[in-house]
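A short worksheet on the structure shown next.
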Amino acid sequence: MIFLTSKEKAVIRRYAIVCQLWREGDQDFLGLEYDLAAGCSILAGRIAIDTRSRHIIGSDAGDRAFHAAIFYNDRGAVPEIAAKDLRRLRRYIIRRKGVLPVRNPVRVRGERRRWSIAGFCRKLLVKLGVRRRARRHLRGLQ
């Protein structure tokens, strides 16, 4: 059983949220809160906790490239994230400095449009499982 401080738990939660919002594909962290409360060494079936390392998250089996980019400053691991955004993400996850940068890809011919703030909030609400009534309220913001 591993005992984590509230600051260490906050780093893990911020990492999970940022990973869900910035990475493509299904990045689910089912059971994260349960595993944090139980003191497991593997959280959500993918995040390994290492109390001896500089950062509390030792590895992420679900997304090794994103973990390397955040905790080992490997900019080449995720080339789709700009260096400026990667610095902001690292600072937000590790030290809780600044604000969470919003992913805003540049529109390239034939690809999807730029995300608006309302679109970002809608995606966040869907990830958090908020009811449809709250999502209808966001439609009025566009």
Side-chain angles (χ1 to χ4, degrees), residues 1-108 111-142:
M1 184 166 197
I2 297 176
F3 296 102
L4 300 173
T5 65
S6 61
K7 289 182 181 182
E8 292 169 339
K9 288 180 182 180
V11 169
I12 294 168
R13 288 184 186 110
R14 286 193 300 265
Y15 175 79
I17 290 170
V18 168
C19 189
Q20 285 179 339
L21 294 176
W22 277 78
R23 299 296 284 170
E24 295 294 324
D26 187 22
Q27 302 288 334
D28 58 348
F29 290 90
L30 298 175
L32 179 68
E33 291 299 323
Y34 176 79
D35 291 343
L36 281 173
C40 298
S41 61
I42 304 290
L43 304 175
R46 59 184 279 180
I47 298 176
I49 301 299
D50 185 10
T51 56
R52 294 172 290 154
S53 70
R54 182 174 162 201
H55 307 291
I56 192 66
I57 299 176
S59 66
D60 183 1
D63 197 350
R64 289 184 175 97
F66 189 72
H67 178 267
I70 296 297
F71 293 107
Y72 297 119
N73 203 15
D74 185 6
R75 292 185 182 156
V78 284
E80 65 271 8
I81 299 177
K84 183 178 180 180
D85 289 334
L86 189 59
R87 276 194 312 272
R88 289 180 179 169
L89 288 174
R90 291 189 80 236
R91 191 173 47 217
Y92 176 77
I93 291 171
I94 297 170
R95 291 186 226 110
R96 183 56 171 103
K97 300 285 183 178
V99 296
L100 175 63
V102 178
R103 184 174 181 205
N104 197 5
V106 177
R107 184 176 178 171
V108 180
E111 292 188 13
R112 61 185 149 159
R113 297 180 184 171
R114 300 179 88 175
W115 291 3
S116 65
I117 295 297
F120 175 78
C121 291
R122 186 177 301 118
K123 183 176 178 182
L124 180 62
L125 290 174
V126 168
K127 291 270 186 189
L128 295 175
V130 177
R131 295 185 196 160
R132 292 181 129 190
R133 194 175 349 157
R135 286 189 281 171
R136 276 190 231 134
H137 174 67
L138 282 177
R139 287 184 192 150
L141 296 177
Q142 288 182 337

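For this chain, numbers begin at 1 and follow the sequence in order. As a basis for the values below, the full set of heavy atoms in this structure was taken, side chains included, without hydrogen atoms, waters or symmetry mates.
The CH2 atom of Trp22 sits 14.0 Å away from atom CG of Asp63, with the distance rounded to the nearest 0.5 Å. Here CG of Asn73 is found 6.5 Å from CG of Leu86. Values are rounded to the nearest 0.5 Å. The distance from atom CZ of Arg14 to atom CG of Leu100, rounded to the nearest 0.5 Å, is 10.5 Å. One finds the CD1 atom of Ile12 at 6.0 Å from the CD1 atom of Ile56 (value rounded to the nearest 0.5 Å). Between atom OH of residue Tyr72 and atom CZ of residue Arg90 there is a gap of 11.0 Å, rounded to the nearest 0.5 Å.
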Could you walk me through whether Arg23 and Glu80 pass the salt bridge (Lys or Arg N to Asp or Glu O under 4.0 Å) check? CA-CA 10 Å; Arg23 299 296 284 170; Glu80 65 271 8; 2.4 Å; yes
Please evaluate residues Val18 and Tyr92 with respect to the criterion side chain to side chain contact (heavy atoms under 4.5 Å, CB included), reporting the C-alpha separation (whole Å), side-chain torsions for both, the decisive distance (0.1 Å), and the verdict. CA-CA 9 Å; Val18 168; Tyr92 176 77; 4.0 Å; yes
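Residue Ala65 comes nearest to Ala77 through the heavy atom pair O-CB, 3.4 Å, listed as atom of the first residue, atom of the second, then distance. Ala44 approaches Asp35 most closely through the heavy-atom pair N-OD2, 2.8 Å. Heavy atoms only, all atoms of each residue included: His67 and Asp60 are closest at CB-CB, 3.9 Å. Residue Arg46 comes nearest to Cys19 through the heavy atom pair NH2-SG, 3.9 Å, listed as atom of the first residue, atom of the second, then distance. Between Cys40 and Ile2, the shortest heavy-atom contact is O-CD1, 4.2 Å.
Looking only at side-chain heavy atoms (C-beta outward), Phe71 and Ile57 come within less than 4.5 Å of each other. Using a 4.5 Å cut-off on side-chain heavy atoms (C-beta onward), Ile47 and Ile42 make no contact. Val11 has its side chain out of reach of Glu8: every pair of non-hydrogen atoms, C-beta onward, lies at least 4.5 Å apart. Proximity of His55 to Ile94: side-chain heavy atoms (C-beta onward) are separated by under 4.5 Å at one or more points.
Classification of the Phe29-Tyr15 ring pair by plane angle, with boundaries at 30° and 60°, yields perpendicular.
Checked by atom type and distance alone, the side chain of Arg75 never pairs as donor or acceptor with a backbone atom of Ala83 at under 3.5 Å.
Within a 6.0 Å sphere centred on CZ of Arg96, heavy atoms belonging to other residues, nucleotides or ligands number 12 at most.
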